[in-house]
Amino acid sequence: MKYLTATTLVACILTGVQGFTLPDEAAAALTFYDEMSKVGPTWANALSSWHCPTPAASSNVTCDPCGMDSWWGNFVHLGCRGGTTEDDATIPGVGIVTNLHVTDLHITGPVPQQACVFKNLRELDLDGGNMTGTIPEFLTTCFPYLNELDLSYNQLTGTVPAFISAITTMTELELESNQLTGTIPPELGSMPNLTSIRFENNKMVGTIPSSFSDLSDTLFILFLYNNDFEGDLSVVSGANLGVVSTSYNPKLCGMVPASVRWAHGYNPLNTSLGMPCM
């Protein structure tokens, strides 16, 4: 099979042929493939479908990463769901890469800065891998429209950085099952659209920041399971929580707010919730 490179794609662009992918977005996808294939065999395997020609049934051109499908593109793990970050996800892709889901494929290395070629991402899901290193600051500058960040089930270290709060469009922050340490940055409480926070199965410590009371209008999912958090949960008493996990935090204590007690999944196992904080 003949593989097209970003250079070959440019030639197609000059002829006015682009299919369902905007020219710069198609070039970005091929550049990402070229760069990540050099990182190691796990990435090369994950992106093995990222080549041209793409299936003729889904496009009118030979190299069309997005294709005509509204959910997933011709390049597996890539999605082009609508033209802007505000569009409904069921709108057929009009050429902009909005979703990158490379999950459960044991990818290695750090969180890839090479993904910055996708300037309009709404979802970056790289869970279920073996990535190492810390959560990088380039996420805030490269992906200003991000709704979901999922780096769970990797081997990331360091702390949850305060700069994540700069991505004000984010609704879902999923960092569970890593090796993260330190406390929850209070800056997260300033994120106006945050509905889901998942920190379970890390090595985090400290109290739930008082700023979390500012999330009362949005926060629906809060997973704290299996860390070393401490103190009470009164700061989320005003939230309309639907799902929580609190167990295996021996130092969590104090009166249990109704918002926590009646949420799905609440279990005080191996905590001191319901007992006075000493």
Side-chain angles (χ1 to χ4, degrees), residues 42 100-113 115 121 123-143 146-168 170-191 193-212 215 219-233 235-236 241 243-253 260 265 267 269-271 273:
T42 57
L100 184 63
H101 286 237
V102 184
T103 63
D104 299 321
L105 291 172
H106 310 292
I107 52 177
T108 57
V111 178
Q113 191 166 2
L121 280 190
E123 297 181 8
L124 178 62
D125 288 10
L126 302 176
D127 56 293
N130 290 306
M131 292 192 302
T132 54
T134 59
I135 299 170
E137 191 165 5
F138 68 74
L139 294 172
T140 64
T141 54
C142 291
F143 310 121
L146 205 62
N147 298 152
E148 178 186 351
L149 176 64
D150 188 350
L151 303 176
S152 61
Y153 292 90
N154 280 286
Q155 300 297 322
L156 299 177
T157 54
T159 61
V160 176
F163 57 70
I164 287 291
S165 64
I167 310 177
T168 57
M170 190 178 299
T171 60
E172 299 176 48
L173 178 60
E174 298 167 333
L175 302 175
E176 70 268 23
S177 297
N178 279 287
Q179 302 294 321
L180 298 174
T181 56
T183 60
I184 300 173
E187 289 82 358
L188 297 189
S190 68
M191 299 176 73
N193 298 295
L194 200 57
T195 64
S196 176
I197 299 174
R198 299 195 61 165
F199 291 147
E200 72 267 28
N201 287 318
N202 279 290
K203 300 176 180 179
M204 299 175 66
V205 299
T207 60
I208 311 306
S210 60
S211 62
F212 271 35
L215 299 176
L219 191 62
F220 186 75
I221 297 173
L222 180 62
F223 279 21
L224 306 173
Y225 168 85
N226 196 26
N227 281 280
D228 197 22
F229 293 122
E230 62 185 80
D232 64 47
L233 299 176
V235 295
V236 294
L241 292 171
V243 188
V244 301
S245 72
T246 58
S247 56
Y248 291 92
N249 285 281
K251 298 175 187 175
L252 283 181
C253 57
V260 174
N267 186 343
L269 180 65
N270 202 16
T271 72
L273 289 168

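- Taking CG of Leu233 as the start and OG1 of Thr207 as the end, the distance is 10.5 Å to the nearest 0.5 Å.
- Contact check for Ile197 versus Phe212: side-chain heavy atoms found under the 4.5 Å cut-off.
- Shortest non-hydrogen contact noted between Leu269 and Asn267 is N-OD1, 2.9 Å.
- Between Phe223 and Val243, the closest side-chain pair of non-hydrogen atoms falls below 4.5 Å.
- Taking both residues in full, the closest heavy atoms of Met191 and Leu215 are given as O-CD2, 3.4 Å, listed atom of the first, atom of the second, then distance.
- Here the NZ atom belonging to Lys251 is positioned 15.5 Å from the CG atom belonging to Asp232, to the nearest 0.5 angstrom.
- Between Glu172 and Thr195 the shortest side-chain heavy-atom distance falls below 4.5 Å.
- A distance of 10.5 Å separates CG of Leu149 from CG of Leu121, quoted to the nearest 0.5 Å.
- Remark: Cys142 SG to Gln113 CD distance equals 6.0 Å, nearest 0.5 Å.
- Using a 4.5 Å heavy-atom cutoff, the side chains of Val260 and Leu241 are in contact.
- The shortest distance between side-chain heavy atoms of Leu222 and Val236 falls below 4.5 Å.
- For the atom pair CG (Asp127) and CG (Asp150), the distance works out to 4.0 Å, reported to the nearest 0.5 Å.
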Exercise for review: Would you sort out whether Leu188 and Leu173 count as a side chain to side chain contact (heavy atoms under 4.5 Å, CB included), showing the intermediate values?
Suggested key: CA-CA 10 Å; Leu188 297 189; Leu173 178 60; 4.2 Å; yes
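- Thr171 places none of its side-chain heavy atoms less than 4.5 Å from the side chain of Leu194.
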Point to revise | Worked check of side chain to side chain contact (heavy atoms under 4.5 Å, CB included) between Asn227 and Val205 | key: CA-CA 7 Å; Asn227 281 280; Val205 299; over 6 Å; no
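- Between Val235 and Ser210, the shortest heavy-atom contact is CG1-CA, 3.6 Å.
- Asn270 has its side chain out of reach of Ser247: every pair of non-hydrogen atoms, C-beta onward, lies at least 4.5 Å apart.
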Enumerate, atom names and distances included, each donor-acceptor pair closer than 3.5 Å involving a side-chain atom of residues 154-164, sequence neighbours excluded.
unit_1, atom_1, unit_2, atom_2, d
Asn154, OD1, Gly129, N, 3.3
Asn154, OD1, Asn130, N, 3.3
Asn154, OD1, Met131, N, 3.0
Asn154, ND2, Leu126, O, 2.9
Asn154, ND2, Leu151, O, 3.1
Asn154, ND2, Ser152, O, 3.1

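- Smallest separation of non-hydrogen atoms from Asn202 and Glu176: ND2-CA, 3.8 Å.
- The two residues Asn249 and Phe229 come nearest to each other via the heavy atoms OD1-N, 3.1 Å.
- Thr271 and Thr246 make their closest contact through CG2-O, 3.4 Å (heavy atoms, listed as atom of the first residue, atom of the second, distance).
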Point to revise | side chain to side chain contact (heavy atoms under 4.5 Å, CB included) between Phe138 and Val111, intermediate numbers included | key: CA-CA 10 Å; Phe138 68 74; Val111 178; 4.2 Å; yes
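- To the nearest 0.5 Å, the span separating OG1 on Thr183 from CG on Asp228 amounts to 12.5 Å.
- Ile184 is listed as a side-chain neighbour of Ile208, based on a closest heavy-atom distance under 4.5 Å.
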